[in-house]
Amino acid sequence: MPNVEYRGMNLIVPENDSEWREYLKMAREHRLVMRKCSACGLLRYPPGRGCPWCSTLGWSWQEVSDKGTIHSYEIVAQAIQPGFRDWAPYPVVVVELDEQRGRPTQDEGLRMVGNLVTPDFRPEGEENVAIGQRVRVLFQDLSPEIALPQFTLTGEPPEGRLWRLA
Amino acid sequence: MGLLKDRYCIVGVGETEYSRNSGRSTRAMAVEAIRKAMDDGGLSPKDVDGMLSYHQNDSTPSLIVGPDLGTRLNFWVDMIGGGSSIEALVGIAMGAIEVGMCRTVAIFRSMNGYSELRIGGTGARGAAPVRGQDLATRPYGMSSPGQAFAPSFMRHMCDYGTTSEQVAHVKVAHSKHASQNPKAFYKERVTVGDVLNSRWIVKPLHLLDCCVETDNATCLIVTSAERARDLRPRPISIMGVAGRVSKPRSDFAFAHGPLSRVAGYYAKDIVFPMAGIGPEDVNLTGSYDAFTFTTMLQLEEYGFCKKGEGGAYVSSGIIELGGKRPNNTSGGQLCEGYTHGMNLVIENVRQLRGTADDYCPGWAEGKHSYDYSPGKCRQVKDVEIAMNLGWSRPETGSALILRR
Ligand SMILES: [Zn+2]
């Protein structure tokens, strides 16, 4: 799999990247997949080698729904990576997917980091970023072989009260 | 391990100046800091036969630094790491001496942290190739420590109503302390308004919520209590240590909550029982201040206040000189200089000796005015027990309890 240039960074996903290669390939097919433990059945992200909860090495890919809720966020005002300077201020969100919420303990869930973007992949305005907002995955194609999962607002009613930094 | 309580000591401390243009190598700075620590402890080159350092590919190895000091090493390790390394290395030094690999260990950190390799990964490092686990964060413009930690800070504000004003008091307190520290890079006192009006870096962090990157080298020396008895300064005893204690899912900290829970939640159950004390027995803290929020989260997690009440705690005056339990009396990394934690331990050693190097003319003899107005004294009265809370990331931290 060739390297992909994105915002001035080289994303390197070699053939021997046994954790990320298939995950990003399936993202390019616009499928969000998680590793599912063959013993305890729990899903995990990022795609790690063993099960963090029962240590079993057996796993299979499982497609998950593309919906979730913003669990926390930040607004980057001063970009560090040169390729993000023209994007600032931009939101980075921690999203909790609808699958496996509160499992295996009440403080856990399938959480991912991404940008909150508009449907044309510009950073969402800060006034629309809040904890509790409902989002869905939007796949940003970077090459014929790789896509980055991003998040966009669904317009659904928020989960619980919305909270944002005043 | 409880058997080693009070059997090891910190016997020497030293540092270079904190600047933004050292104009010299990390080798030259390391040698100055270690030499000063050796002189401070009354140690000759043949006394020091162990060396430990930590680095982020920005330092000079022990094998190069050792001979510059006339030492021949029986043990050395140069460990990759930043914050939380120093407490871990103190424990490793104790272990190395205990098993007989060496007798006395100098631990150093040397970094041109402003003029050469800046912490946040600016410039070429900002555009470095991304592979492996970094694919989960860096493609989304999340790379610097502030960017990696901000969701934990934000979630604390959401869950507990913590405000920017409350947290700004950490910078206010540390800046007051720095005004009594001739070594501090920033000696000017600031107000809550100054913090809130400084520009945003990554919300919820303003510029003044972030530490001050500097060029510096720092050193402390560990030896056994037996050998320490023959040395000049009052040896400072190590009561307890915890190194790089981590939360579950340290591969991706966002996976395991609560997000605002930090590693001290686990480290406290190691370090306090080892020392045989609780947080109420601690007179002075050095809670790692890479950011104002890191100080608050750790004080809370180690039990100096209840979970969720960190905002009230840090804005109450308790953490200021003259308060019940001052924090980072040197001005810390928010004001004195960013060292990846070493200066916070050095300060606590000097405080426990009663010889904080403030503006009191007799500080070296332990004569202090205890007048905490600007440009005066920063010695804490009757300090018996001091504690360092070392931060690497929300999911990893270290701790060290010292007594005089
Ligand atoms: Zn499992």
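Below, read A as the first sequence line, B as the second, and so on, with proteins coming before strands; counting in each chain starts at 1. Worth knowing before you read on, the calculation uses all heavy atoms, side chains too, and leaves out hydrogens, waters and symmetry mates.
Across every non-hydrogen atom of Phe84(A) and Tyr140(B), the tightest pair is CZ-C, 3.7 Å. Smallest separation of non-hydrogen atoms from Pro139(B) and Asn115(A): O-OD1, 4.3 Å. Nearest heavy atoms, Ala136(B) versus Val113(A): O-CB, 3.6 Å. Across Gln81(A) and Met142(B), no two heavy atoms sit closer than the pair OE1-N, 3.9 Å.
Note that CD of Gln133(B) is 8.5 Å distant from CD of Glu19(A), once rounded to the nearest 0.5 Å. How far SG of Cys158(B) is from CG of Leu165(A): 11.0 Å, rounded to the nearest 0.5 Å. Rounded to the nearest 0.5 Å, atoms CH2 (Trp53(A)) and NE2 (His256(B)) are 9.0 Å apart. A distance of 12.0 Å separates OG of Ser72(A) from NE2 of His156(B), quoted to the nearest 0.5 Å. Taking CH2 of Trp200(B) as the reference point, atom CD of Glu74(A) lies at 12.5 Å (rounded to 0.5 Å). In this structure, the separation between CG on Asp107(A) and CG on Leu259(B) is 9.0 Å, given to the nearest 0.5 Å.
In terms of heavy-atom pairs under 4.5 angstrom with chain A, the leader among Gly257(B), Pro151(B), Ala150(B), Gly141(B) is Gly141(B). Across Arg131(B), Arg199(B), Gln147(B), Met157(B), the residue that shares the most heavy-atom pairs under 4.5 angstrom with chain A is Gln147(B).
For the pair Glu108(A) and Arg249(B), the salt-bridge criterion is not met [side-chain N within less than 4.0 Å of a carboxylate O].
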Walk me through it: do Leu135(B) and Asp17(A) pass the test side-chain contact (heavy atoms from CB on, under 4.5 Å)? CA-CA 11 Å; Leu135(B) 288 163; Asp17(A) 189 336; 4.3 Å; yes
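Around atom CD of Glu156(A), more than 12 heavy atoms belonging to other residues, nucleotides or ligands sit under 6.0 Å away. Other residues, nucleotides and ligands place more than 12 heavy atoms under 6.0 Å from the CZ atom of Arg20(B). Counting non-hydrogen atoms of other residues, nucleotides and ligands closer than 6.0 Å to OH of Tyr313(B) gives a total above 12. By the neighbour-count criterion of 12 heavy atoms within 6.0 Å, atom CD of Gln106(A) is sparsely surrounded, having that number or fewer from other residues, nucleotides or ligands.
Between Ile12(A) and Val130(B) there is no side-chain heavy-atom pair separated by less than 4.5 Å.
Heavy-atom distances place the side chain of Arg161(A), and not its backbone, under 4.5 Å from chain B. For a residue to count as touching a neighbouring chain, one of its non-hydrogen atoms must lie under 4.5 Å from one of that chain's; by this rule Val92(A) touches chain B with the side chain only. Ile75(A) touches chain B through backbone and side chain together, each having a heavy atom under 4.5 Å away. For chain B, the nearby part of Val94(A) is the side chain; its heavy atoms alone come within less than 4.5 Å. Neither the backbone nor the side chain of Glu5(A) comes within contact range of chain B; no heavy atoms are under 4.5 Å apart. Using a 4.5 Å cut-off between heavy atoms, Pro149(A) touches chain B through backbone and side chain atoms alike. Both the backbone and the side chain of Arg155(B) have a heavy atom closer than 4.5 Å to some heavy atom of chain A. The contact between Tyr45(A) and chain B is made by backbone and side chain atoms together, counting heavy-atom distances below 4.5 Å. With a threshold of 4.5 angstrom between heavy atoms, Tyr73(A) approaches chain B through its backbone and through its side chain. With a threshold of 4.5 angstrom between heavy atoms, Trp87(A) does not approach chain B through any atom at all.
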